[in-house]
Colleague: 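Okay, handing you the structure first.
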Amino acid sequence: MSRIAYVNGRYRPHREALIHVEDRGYQFADGVYEVCEVRGARIVDERRHMARLTRSLAELRIGLPMPLTALSVVLHETVRRNRVRDGIVYLQVTRGVARRDHAFPAAGTAPAVVVTARALDAAKGEKVAADGIAVVTMSDNRWARPDIKSVSLLPNILAKQAARDAGAREAWFIDAKGFVTEGASSNAWIVTPDGEVVTRPVDNSILNGISRTVVLDAIAAQGLRLAERPFTVAEARAAREAFVTAASQIVQPVVRIDGAPVGDGRPGPVATALRREFHRHAEFT
Ligand code: PDD
């Protein structure tokens, strides 16, 4: 089946879905994005993703391209036209098309919008979760605002590729003090030897993950002990469990850090239970 993309007001076959050479997203990575999980043909946590999108746009002084109600229609229509049951919907908004100049274009330049959707192999995702993933650590060399979900992702791309080259699925960024910030495309968590679930508090140094928020609700519902505080690589290596969260992966157990096993080297009960319960705490539209 041919895929359809929404590009600036039109639904197009993928090969005809083109953006302008002077789109500021293309020339400057001057834009933001969101990735929502699609499950049973419904969008997961759209409200929270749209709230974060609104915040990212405001931080960069990019206008909302259309009212959120209209954007919601586009997201659902793109999912529908691509017949996605389980997968993701991707939304990107850039500062629009203008003659190349670093400073903002003239007021009134319309933000550019692209929406795509694609199916993900749910069985494969379950298999990966059953095995757990390996992560490797590397220094966090990103700019000071990873809380903005910008399409400017070079450090994340290089980190992810370095992970792949090392036979791992994710990279964990480490800040100047030796604390884990987050993954190249996920938030990072550990379970300490005495059973406390630990994740870094939200500030400018990490993305405020929507899956992170959902997992916080699941942790409260399960009566688990939680500490939102930074943790070091050494602490992570000595942890009973580790896991990552992201819209495209939900909860993914981490079984190796820099080649060393976490706990007994298998997905742990906390990560497994949080993965199983995740969608009870998510919203569907
Ligand atoms: N990544 N941190 C980073 C750097 C991310 O890129 C992501 C998501 C997350 C988790 O956020 P959420 O739970 O809202 O997905 C944390 C998306 C999925 C991506 O880039 O594909």
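Residue indices begin at 1 and follow the sequence shown. Both ligands and their constituent atoms are indexed starting at 1 by order of listing. Note that the structure is predicted; figures quoted are calculated from it, not measured.
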Colleague: Can you find an N/O atom of Ser211 closer than 3.5 Å to an N/O atom of ligand 1?
Modeller: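 There is such a contact, yes.
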
Colleague: With no hydrogens and no angle check, is any side-chain donor or acceptor of Arg275 less than 3.5 Å from a backbone partner on Ala129?
Modeller: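 No; judged by distance alone, with no hydrogens or angles, the pair does not exist.
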
Colleague: Test of understanding: given a 4.0 Å heavy-atom threshold, classify the contact between Thr245 and ligand 1 as side chain, backbone, both, or neither.
Modeller: backbone

Colleague: Main chain of His102, side chain of Arg24: is a donor-acceptor contact present, judged purely on distance under 3.5 Å?
Modeller: yes

Colleague: For ligand 1, which atoms, with element, lie under 4.0 Å from some heavy atom of Arg52?
Modeller: 11 (O), 12 (P), 14 (O)

Colleague: Near Glu182, which atoms of ligand 1 are under 4.0 Å from a heavy atom of that residue?
Modeller: 2 (N), 3 (C), 4 (C), 16 (C)

Colleague: Atoms of ligand 1 less than 4.0 Å from Gly209 heavy atoms?
Modeller: 11 (O), 12 (P), 13 (O), 14 (O)

Colleague: Does any N/O atom on Arg212 come nearer than 3.5 Å to any N/O atom on ligand 1?
Modeller: no

Colleague: Mind checking whether Lys149 contacts ligand 1 via backbone (N, CA, C, O), side chain (CB onward), both or neither, at a 4.0 Å heavy-atom cut-off?
Modeller: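 Only the side chain of Lys149 comes within reach of ligand 1.
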
Colleague: Verify the neighbour count for atom CZ of Arg229: are there more than 12 heavy atoms of other residues, nucleotides or ligands below 6.0 Å?
Modeller: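 Buried by this count: over 12 neighbours within 6.0 Å.
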
Colleague: Is Glu241 reaching over with its side chain to a backbone N or O of Val270, donor-acceptor style, under 3.5 angstrom?
Modeller: yes

Colleague: Going by the atom numbers of ligand 1, which of them fall below 4.0 Å from some non-hydrogen atom of Gly183?
Modeller: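 In order of numbering, the contacting atoms are 4 (C).
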
Colleague: Can you tell me which residue and heavy atom of the protein come closest to atom 20 (O) of ligand 1, and the distance to 0.1 Å?
Modeller: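 Heavy-atom neighbour on the protein nearest atom 20 (O) of ligand 1: Tyr33 OH, 2.7 Å.
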
Colleague: Give the atoms of ligand 1, by number and element, whose distance to some non-hydrogen atom of Ile210 is under 4.0 Å.
Modeller: 12 (P), 13 (O), 14 (O)

Colleague: Test of understanding: with salt bridge (charged side-chain N to carboxylate O under 4.0 Å, His left out), list the residues that count as partners of Arg85, not counting sequence neighbours.
Modeller: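 Here no residue qualifies.
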
Colleague: Of the side chain and backbone of Pro146, name the one, both, or neither that has a heavy atom under 4.0 Å from an atom of ligand 1.
Modeller: neither

Colleague: For the side chain of Asn82 and the backbone of Ile4, is there at least one donor-acceptor N/O pair under 3.5 Å apart?
Modeller: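 Looks like yes, one N/O pair under 3.5 Å.
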
Colleague: Do Arg81 and Tyr11 form a cation-pi contact, if we require the NZ or CZ to be under 6.0 Å from the six-membered ring centre and within 45 degrees of the ring's axis?
Modeller: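 Geometry flag: set, cation within 6.0 Å and 45°.
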
Colleague: Out of Ser185, Pro155, Ala159, who is nearest to atom 6 (O) of ligand 1 when you count heavy atoms only?
Modeller: Ser185

Colleague: Is NZ or CZ of Arg95 both nearer than 6.0 Å to the six-membered ring centre of Phe104 and within 45° of the ring axis?
Modeller: yes

Colleague: Verify, without hydrogens or angle tests, whether Ser150 (side chain) and Val32 (backbone) share a donor-acceptor contact under 3.5 angstrom.
Modeller: no

Colleague: Which of these, Met66, Glu34, Glu46, sits in a side chain to side chain contact (heavy atoms under 4.5 Å, CB included) with Leu71?
Modeller: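 When side chain to side chain contact (heavy atoms under 4.5 Å, CB included) is applied between Leu71 and each of Met66, Glu34, Glu46, only Met66 qualifies.
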
Colleague: Relative to ligand 1, is Asn187 under 4.0 angstrom through side chain, backbone, both or neither, heavy atoms considered?
Modeller: both

Colleague: Which atoms of ligand 1 are found less than 4.0 Å from any heavy atom of Ser248?
Modeller: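 Answer, ordered by atom number: 18 (C).
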
Colleague: Decide whether an N or O pair under 3.5 Å exists between Ala246 and ligand 1.
Modeller: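 There is no such contact.
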
Colleague: Report the part of Val35 in contact with ligand 1, treating N, CA, C, O as backbone and CB onward as side chain, heavy atoms under 4.0 Å; options are side chain, backbone, both, neither.
Modeller: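 Side chain only.
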
Colleague: Distance-only, no hydrogens or angles: does the Asp45 side chain make a donor-acceptor pair with backbone N or O of Arg48 under 3.5 Å?
Modeller: no

Colleague: Do any nitrogen or oxygen atoms of Ala247 come within less than 3.5 Å of a nitrogen or oxygen of ligand 1?
Modeller: yes

